[in-house]
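Some notes on the structure that comes next.
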Amino acid sequence: MTTKKEAAEAVLAAKTRLGLTWAELAEALDAPLAWTTAALLGQHPMTEDQADRAGEILELSADEVAALRAQPTRGALDSPVPTDPTIYRFYEVLQVYGPTIKELIHEKFGDGIMSAINFRLGVERVPDPAGDRVVVTLDGKFLPYQW
């Protein structure tokens with residue numbers, strides 16, 4: 001059986017070979033862009049219809065399509081400290097601003113956390129005279145601790 005990691009590699013290869021964008025794939029699957037990208041990279045299970053449609057578009061094997069439907073083991077980093085520069089910057093941001101984010105969440109909401117399950121992610125490019133800006137929105141439901 002094909003693993004989710006192997007299926008993700010097949011997706012990336014097919015996406016490149018076919019000249020597709022993540023936005024085009026999300027539109028074809030009628031699903032949010034960030035969710036579609038994460039699902040095709042192995043971080044979410046797809047419905048049978050979504051996996052079949054992705055398989056048709058990306059010319060995937062039946063085993064690769066089955067892997068898209070499988071329940072994932074979430075978390076995509078192979079090491080505790082990421083080495084890819086783009087991913088490392090998020091690690092760095094959390095090292096520097098994580099305690100600040102935590103303090104501000106607690107001050108504004110109380111004792112609790114931001115959900116990564118009931119969650120939306122946005123990535124936008126914003127023009128700026130000093131160089132385009134990357135705007136990443138992490139939009140998670142507040143979950144109060146219950147004692």
Under the rule for salt bridge (charged side-chain N to carboxylate O under 4.0 Å, His left out), what residues qualify as partners of [X], not counting sequence neighbours?
X	value
Glu48	none
Lys102	none
Asp63	none
Asp84	none

*More than 12 non-hydrogen atoms from neighbouring residues, nucleotides or ligands closer than 6.0 Å to NZ on Lys5, yes or no?*
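Open: at most 12 neighbouring heavy atoms sit under 6.0 Å from NZ of Lys5.
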
Set of residues satisfying side chain to side chain contact (heavy atoms under 4.5 Å, CB included) with respect to [X], sequence neighbours excluded:
X	value
Ala13	none
Pro45	Gln71, Pro72, Arg74
Ala67	Thr2, Ala7
Thr21	Ala23, Glu24

*Can you pull the ring pair (Phe, Tyr, Trp, His ring centres under 6.0 Å) pairs that have at least one residue in residues 81-100, sequence neighbours excluded?*
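Those involving residues 81-100 are Tyr88-Tyr91.
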
*Taking all non-hydrogen atoms of both residues, which atom of Arg69 and which atom of Asp52 are closest, and how far apart?*
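Arg69 and Asp52 have their closest heavy atoms at NH1-OD1, 3.6 Å.
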
*Measure across Met46 and Ala51 and return the closest heavy-atom pair with its distance rounded to 0.1 Å.*
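Heavy-atom minimum between the residues: CB-N, 4.0 Å.
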
_Sequence-distant partners of Glu92, side-chain hydrogen bond (donor to acceptor under 3.5 Å, both in side chains), two or more places apart_ =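 Glu92 satisfies side-chain hydrogen bond (donor to acceptor under 3.5 Å, both in side chains) with Arg89 only.
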
*Glu59: partners by side-chain hydrogen bond (donor to acceptor under 3.5 Å, both in side chains), with sequence neighbours left out*: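 Partners of Glu59 under the side-chain hydrogen bond (donor to acceptor under 3.5 Å, both in side chains) test: Arg17.
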
Anything under 3.5 Å between a donor and an acceptor, one on a side chain of residues 131-145, the other on a protein residue two or more places apart or in another chain? List them.
| residue | atom | partner | partner atom | Å |
| --- | --- | --- | --- | --- |
| Asp132 | OD2 | Arg125 | NE | 2.7 |
| Asp132 | OD2 | Arg125 | NH2 | 2.9 |

